[in-house]
Protein chains: 2
Amino acid sequence: MNTLAEENYLKSIYHLSIDAENVSTNQIAASLNTKASSVTDMLKKLSDKALINYTRYQGVSLTPSGEKIAVNIIRKHRLWEYFLVEKLKFKWDQVHDMAEEMEHISSAELIDRLDEFMDYPQHDPHGEPIPDCNGRFNASELTPISALRVNDSGTISGVRDHSSSFLQYLEKQQLTLGKKISIMEIVEFDHSMILQIENKKEIHISREAANNLLIAL
Amino acid sequence: MNTLAEENYLKSIYHLSIDAENVSTNQIAASLNTKASSVTDMLKKLSDKALINYTRYQGVSLTPSGEKIAVNIIRKHRLWEYFLVEKLKFKWDQVHDMAEEMEHISSAELIDRLDEFMDYPQHDPHGEPIPDCNGRFNASELTPISALRVNDSGTISGVRDHSSSFLQYLEKQQLTLGKKISIMEIVEFDHSMILQIENKKEIHISREAANNLLIAL
DNA sequence: TAAAAAATTTAGACTTATCTAAATTATGAA
DNA sequence: TTCATAATTTAGATAAGTCTAAATTTTTTA
């Protein structure tokens with residue numbers, strides 16, 4: 001088995017790999033709130049274990065076995081988040097930190113039974129797809145609202161930022177999963193957008209918010 | 001907060017304190033599968049934190065704040081065991097190790113909601129009482145079968161040994177929680193006992209088994 | 001009650017994961 | 001294409017938790 005620190009590095013590298021082929025030492029350090037020198041040490045260790053491909057100064061990528069571990073942690077994280085919201089009635093902005101601890105519970109049988117108990121949910125409370133017990137899942141085909149044009153519309157299906165400040169803001173604006181929105185206007189100056197929610201209320205959101213709100217077309 | 005190692009020491013000291021006022025270094029070492037010298041180091045640390053009363057060579061006891069932490073861990077352990085058996089349909093001999101990991105999940109609100117979700121169970125799958133959110137619970141008034149006389153009877157309500165080998169043996173003999181048993185005969189030579197289960201089947205159990213099987217009279 | 005045995009503690013070392021500061025390598029702008 | 005800057009790595013230190021071996025204290029027993 002792997003240590004908690006190793007698992008967190010693998011998970012971080014996995015998430016950062018979505019935007020780039022190779023992940024840099026500084027990116028990992030920033031995402032784990034640690035120093036670049038600590039990252040270098042851990043990269044050597046993970047490389048020795050054949051969980052990452054690492055060449056000095058060149059950044060890293062996960063090997064198939066490293067990716068398998070990372071996906072399994074993500075599966076556990078998302079299933080526990082679903083459990084916390086659906087069964088224990090937490091709000092979607094409350095569950096991230098708890099799931100961050102729970103994702104390290106090791107038993108595979110436990111997580112498979114949890115999956116069954118909840119009837120094999122496909123998405124976590126933030127719209128992220130949940131890998132199945134073989135690690136398979138559909139990479140989400142969601143678009144950030146910021147990529148839409150005036151008159152485009154779709155259903156809110158995910159968020160990129162899981163911070164409770166962002167999620168609470170969305171909740172207050174009624175921008176929750178499942179809501180249908182249409183783009184009414186895009187302000188050229190700052191790329192902020194005016195949306196209509198469910199053909200009723202109109203609201204104005206910043207470019208940054210639009211970048212973090214995902215839509216199924 | 002406390003580290004995982006600290007929590008495990010406090011829990012161990014709590015359990016050992018049931019049989020004795022003061023707990024010895026060697027007892028702790030045995031129960032945690034570690035060396036006496038490691039225990040001494042940790043005792044100093046816990047003593048500095050005012051979680052235990054410790055005088056060199058004299059053994060230790062928990063302070064009120066140490067006991068509070070220990071009881072909270074035990075509450076979490078037992079609630080998770082109940083969850084695993086009642087919701088995820090694990091057998092009573094499968095849950096100990098998983099709960100050993102889960103008891104360290106820190107959120108108090110999580111565990112209180114789990115308690116509510118399961119409708120405030122009073123006993124874990126092995127008959128141990130579950131402390132409430134204030135750490136209060138009835139110290140169980142159970143008697144080992146080995147203390148009974150011929151013709152005494154009662155209901156199986158708990159086990160002392162949680163090892164899967166013992167629990168599987170009980171399962172096979174139908175000596176599960178809730179069964180009514182009566183003592184038919186005590187063999188003087190080795191103190192083994194012949195019991196009748198639910199006024200039907202008679203079985204023969206060793207003194208050791210009788211010591212670990214608890215009865216409500 | 002003194003010596004032997006058992007229990008406990010101390011000393012010093014090791015591992016994991018982290019840090020700061022210094023050195024090295026890569027990159028981008030002139 | 002060279003040099004300043006940014007990124008990364010190395011060197012050396014620290015803290016937590018563990019270990020072995022040696023020293024000390026307590027307990028037992030003769």
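These numbers were taken from a predicted model, which means no experiment stands behind them.
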Whole angstroms only, please: what is the [atom1]-[atom2] distance between [X] and [N]?
{"X": "K49(A)", "N": "dT16(C)", "atom1": "NZ", "atom2": "C1'", "answer": "11 Å"}
{"X": "L43(A)", "N": "dA7(D)", "atom1": "CG", "atom2": "C1'", "answer": "13 Å"}
{"X": "D41(B)", "N": "dT9(C)", "atom1": "CG", "atom2": "C1'", "answer": "9 Å"}
{"X": "D48(A)", "N": "dT16(C)", "atom1": "CG", "atom2": "P", "answer": "11 Å"}
{"X": "N26(A)", "N": "dT24(C)", "atom1": "CG", "atom2": "P", "answer": "19 Å"}
{"X": "K44(A)", "N": "dA11(D)", "atom1": "NZ", "atom2": "C1'", "answer": "10 Å"}
{"X": "I28(A)", "N": "dT9(D)", "atom1": "CD1", "atom2": "C1'", "answer": "14 Å"}
{"X": "K35(B)", "N": "dA16(D)", "atom1": "NZ", "atom2": "C1'", "answer": "20 Å"}

Strictly below 4.0 Å, N to O, side chains only: are [X] and [Y] in salt-bridge contact?
{"X": "K11(A)", "Y": "E100(A)", "value": "yes"}
{"X": "R75(A)", "Y": "D115(A)", "value": "yes"}
{"X": "R113(A)", "Y": "E109(A)", "value": "yes"}
{"X": "E6(A)", "Y": "K49(A)", "value": "yes"}

(request) Give a yes/no on whether any side-chain N or O of Y54(A) is located under 4.0 angstrom from OP1 or OP2 of dT8(D). (result)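 The answer is no; no side-chain N or O of Y54(A) sits under 4.0 Å from OP1 or OP2.
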(request) Look at all strands and tell whether S38(B) reaches a base, only sugar-phosphate, or nothing, counting heavy atoms closer than 4.0 Å. (result)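 Counting heavy atoms under 4.0 Å across all strands, the contact made by S38(B) includes a base.
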Compare the minimum distances between each of [options] and the side chain of [X], then state the nucleotide with the smallest one.
{"X": "T25(A)", "options": "dT18(D), dT8(D), dT10(C)", "answer": "dT8(D)"}
{"X": "R56(A)", "options": "dT10(C), dT25(C), dT18(D)", "answer": "dT25(C)"}
{"X": "T3(B)", "options": "dA16(D), dA7(C), dT25(D)", "answer": "dA16(D)"}

Polar pair under 3.5 Å, donor/acceptor by atom type, side chain [X], base [N]:
{"X": "S24(B)", "N": "dT8(C)", "result": "no"}
{"X": "S37(A)", "N": "dT20(C)", "result": "yes"}
{"X": "Y57(B)", "N": "dT9(C)", "result": "no"}

(request) Kindly assign one of parallel, tilted or perpendicular to the pair H77(A) and H96(A), based on the angle between their ring planes and the thresholds 30° and 60°. (result)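 Rings of H77(A) and H96(A): tilted, 30 to 60°.
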